[in-house]
Protein chains: 2
Amino acid sequence: MAITIYDISQKAGVSTATVSRVINGGGNVSPATCKKVTDIIEEYGYIPNAYARGMGLRSLKTVGLLCADSSDLYTARAVYLLEQELQANGYESLLCCTGFNQDVRKNYLNLILSKKVDSIILVGSHFIASTELENEYIREAADQIPIMLLNASYSHPNVYSTLCDDYASMYEAASSMIQSGIPDILYLYNSRSYSGLKKLKGFEKALADNHIPESMRNILYYDKSAGGIEDITAFIQEMTDGRPPFHGIIASDDVLAVGGIKYTQKTGLRIPEDISIIGYNNSMLTACCTPSLTSVDNCLEALTHQLIHTLLQVLAGEQMPQKVVFSGKLIERDTTCFH
Amino acid sequence: MAITIYDISQKAGVSTATVSRVINGGGNVSPATCKKVTDIIEEYGYIPNAYARGMGLRSLKTVGLLCADSSDLYTARAVYLLEQELQANGYESLLCCTGFNQDVRKNYLNLILSKKVDSIILVGSHFIASTELENEYIREAADQIPIMLLNASYSHPNVYSTLCDDYASMYEAASSMIQSGIPDILYLYNSRSYSGLKKLKGFEKALADNHIPESMRNILYYDKSAGGIEDITAFIQEMTDGRPPFHGIIASDDVLAVGGIKYTQKTGLRIPEDISIIGYNNSMLTACCTPSLTSVDNCLEALTHQLIHTLLQVLAGEQMPQKVVFSGKLIERDTTCFH
DNA sequence: TCTGATCATGAAAACGCTTACATTAAAATT
DNA sequence: AATTTTAATGTAAGCGTTTTCATGATCAGA
């Protein structure tokens, strides 16, 4: 059996309470005793059992992170930023990747809940609050602890949302393209994302406000979750055989946009002379492709920073706004030429 | 206070032991009682406290994943694959991102250890066993539970390694390039990676075996951890101003290779006619850039699959090989033309 | 009908910590 | 020197489960 606090207390000739005080730095321990205990702990490589601690302590300073797929570029970055912020503030994090299955997600939510976390952050706009079932889970969880949403929003007194205004951002991006003289745009839409719908609406609004006729609407739903770039390229090709009936591509994320680039290059057309392309997320992919990708920056860093700030305040009992909205910004690179 | 097993037992008119049996499916509960208890649990939304369980249970069927930076493309994918495999086998995972600081890493290792995990997987070849300090941690941990290494190896009876033979793979890749008539190669080397050194050695051996003179050796160390593609491009530019004195680039990972592509394009040279490029990892980036990147596939999926297989067997008390080595394979795409 | 086996259940100890409370010793105040 | 205050430490009661062991009920076989 592993070494316990009792063993340490015996070897140090003190009580377990004193050892506990040394470990938790609660004060009221004489320097001499403290040193003696610390030395013994060091010597025996004693590590307190986290579960036993969990029973005693009120808070374990832990927050759960729930995401669908941590290997997704955007999610991975979000998770990393959140973890760094949490760590910097003395919190641990517990990451669960649920995939897209609702039941698995419910199980994981319960799993996290059972671990006495101080809060749960729902990461990535994927799927959040997109179904009734999902709503119910969130409500139940929110009855117990504050729930933080990254890039989604939900109305509940104990749910806090931090998001980028994807509707407005996409509206801006699409408007820029239209006003630069490109009315016929292919819109690539990933239906798996919660904010995807908002972006689509923003795009459609831009079309409407600029009086683009119905006949020029060209929206492609791509709903595979993990298809590679080749898949995307093939998909677009299949849907638009022959010469593409558009001069612009706007995608709801950078991966799709890169698919658009490769597709365009396959058809032999030039970017941006023949076809302009805009992505979304301003991820590292924008710098990887040739030409480099114009993309909407949805300020992930600002979002995560604000989210953790809100969380810490909420946990400290402060009253905080239920919803904080940032706005995105189009970063122009070489797949567009709007001037 | 949250609802406990005791509350449930009262409402169901049974003892806590019976409720526990229902929850853990240990049998020896009458169908009627089982249903009654299950209903009450459902009704009150009872979730057992994980910490209390942790005290009672021998194993929590949990394994810790330790990585430096989960947002790194390769690591993210490895983590995802491992988590999926673990989940499929009824294990939970606990992810910790330590960054590159040794002390932080030690703390995290202890943290994981304190959670009674059944094993720890050290993910990503980054930094593993690269320092004496690191070695010591691993040894200490291995005294308690089996330690699994992904893409690293370490000699200890309780440490199991699953890896790709990066030395041989890089040797092959470099040989291919040299034998296609390109003796002057720039090698881009990320020193933050443990396997980086092996790859470098493989590269150098290929040079030696093909009688490439010392004067043609051109190795660039790039040791920033999180620099973007632009950084890499600028770095290469800075180190090789004017016309590049080489006709091939081999990089120790795909991100560096993409930096090489962008650099080449900036100088106005053609790929692969003027300069051939090979990356490593065969990540999704290979499909994102133009031209698409030739890269060494180090069969991450096979690695993770094998690693979990070994782990499960070890936990089941089986004798397993200490070290399993796969070999990588050069996947030719459009940045090379070796025929 | 009786006996031993099997099944369902409960009582209570154990898991390894934290912490409220009690106690003692030392220091500060009068 | 007596008294009060403060600091250091110990005692023991939880925390919410699991699990061993004991107990009683049911059942099959004679």
Side-chain angles (χ1 to χ4, degrees), chain A residues 1-38 40-41 44-62 92 110-118 144, chain B residues 1-38 40-41 44-62 92 110-118 144:
Chain A
M1 214 46 214
I3 191 161
T4 73
I5 198 173
Y6 180 78
D7 301 324
I8 298 295
S9 72
Q10 291 301 298
K11 306 208 192 274
V14 298
S15 71
T16 60
T18 301
V19 177
S20 178
R21 284 187 198 102
V22 170
I23 293 169
N24 296 291
N28 279 358
V29 179
S30 75
T33 312
C34 184
K35 168 144 180 42
K36 188 170 52 183
V37 172
T38 309
I40 302 234
I41 287 178
Y44 289 88
Y46 165 67
I47 303 171
N49 179 310
Y51 293 94
R53 299 193 83 196
M55 302 232 41
L57 260 27
R58 276 175 229 300
S59 156
L60 287 167
K61 300 202 81 171
T62 304
E92 279 176 41
N110 284 347
L111 191 105
I112 293 187
L113 243 22
S114 79
K115 296 208 172 159
K116 259 195 182 176
V117 293
D118 298 297
Q144 305 180 41
Chain B
M1 216 45 215
I3 191 161
T4 74
I5 199 175
Y6 179 77
D7 301 325
I8 298 294
S9 73
Q10 291 302 296
K11 305 209 195 273
V14 298
S15 72
T16 60
T18 302
V19 177
S20 179
R21 283 188 198 104
V22 170
I23 293 169
N24 296 291
N28 279 357
V29 180
S30 75
T33 313
C34 184
K35 168 143 179 42
K36 189 168 55 182
V37 172
T38 308
I40 302 234
I41 286 177
Y44 287 88
Y46 164 69
I47 302 172
N49 180 311
Y51 291 94
R53 298 194 83 195
M55 299 226 45
L57 260 29
R58 276 175 230 299
S59 156
L60 287 167
K61 299 203 81 169
T62 303
E92 279 177 42
N110 283 347
L111 192 105
I112 293 187
L113 243 23
S114 78
K115 296 208 172 161
K116 258 195 183 174
V117 292
D118 298 297
Q144 306 181 40

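We name chains A, B, ... by the order of the sequence lines, and we start the count at 1 in each one. These values consider heavy atoms only, across backbone and side chains, with no hydrogens, waters or symmetry-generated copies.
Of the candidate nucleotides C/dG16, C/dG10, D/dA8, C/dG10 has the atom lying nearest to any side-chain atom of B/Ala17. Minimum atom distance to the side chain of A/Pro31 is reached by D/dA8, of the listed D/dA8, C/dA8, D/dT17. In this structure, the nucleotide among D/dA7, D/dT17, C/dC15 sitting nearest to the side chain of B/Met55 is C/dC15.
Taking for each of B/Pro48 and A/Ser15 the nucleotide of DNA chain D with the nearest heavy atom, the 5'-most of the two is the partner of A/Ser15. Mapping B/Gly13 and B/Ala52 onto DNA chain C by nearest heavy atom places B/Gly13 at the nucleotide closer to the 5' end.
Between A/Asn28 and the phosphate of D/dA7, there is no side-chain N or O to OP1/OP2 separation shorter than 4.0 Å. The shortest distance between the side-chain N/O atoms of A/Tyr6 and the OP1/OP2 oxygens of D/dA12 is not below 4.0 Å. Taking only side-chain nitrogens and oxygens, B/Thr16 never comes nearer than 4.0 Å to OP1 or OP2 of D/dT18. Phosphate proximity of D/dA7 to A/Ser30: absent, as no side-chain N or O sits under 4.0 Å from OP1 or OP2. Considering only side-chain N and O atoms, A/Thr4 lies nowhere under 4.0 angstrom from the phosphate OP1 or OP2 of C/dG16. For D/dT19, neither phosphate oxygen OP1 nor OP2 lies less than 4.0 angstrom from any side-chain nitrogen or oxygen of B/Ser20. In this model, the phosphate group of C/dG10 is approached by a side-chain N or O of B/Thr18 to a distance below 4.0 Å at OP1 or OP2.
Atom CG in B/Asn24 sits about 17 Å away from atom P in D/dG16, given to the nearest Å. Remark: C1' of C/dC17 and CD1 of A/Ile47 are 15 Å apart, rounded to the nearest angstrom. Atom OH in A/Tyr51 sits about 14 Å away from atom C1' in D/dG16, given to the nearest Å. The CZ-C1' distance, from B/Arg21 to D/dT17, rounds to 13 Å in whole Å. For the pair A/Gln10 CD and D/dG10 P, the computed distance is 10 Å after rounding to whole Å. One can place CZ of A/Arg53 at 5 Å from P of C/dT18, the figure rounded to the nearest angstrom. Separating the CD1 atom of B/Ile23 from the C1' atom of D/dT18 is a distance of 10 Å, rounded to the nearest angstrom. As rounded to whole Å, 16 Å separates atom C1' of C/dC15 from atom CD1 of A/Ile3.
No side-chain heavy atom of B/Val19 sits less than 4.5 Å from a side-chain heavy atom of B/Tyr6.
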So A/Lys115 and B/Glu92, salt bridge (charged side-chain N to carboxylate O under 4.0 Å, His left out) or not? Walk me through it.
-> CA-CA 13 Å; A/Lys115 296 208 172 159; B/Glu92 279 177 42; 2.7 Å; yes
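Although no hydrogens or angles enter the test, the distance criterion places a donor-acceptor pair under 3.5 Å between the side chain of B/Lys116 and the main chain of B/Gly54.
To the nearest 0.5 Å, atoms NZ (A/Lys11) and OG (A/Ser9) are separated by 10.0 Å. Taking CG of A/Asn49 as the reference point, atom CE of B/Met55 lies at 6.0 Å (rounded to 0.5 Å).
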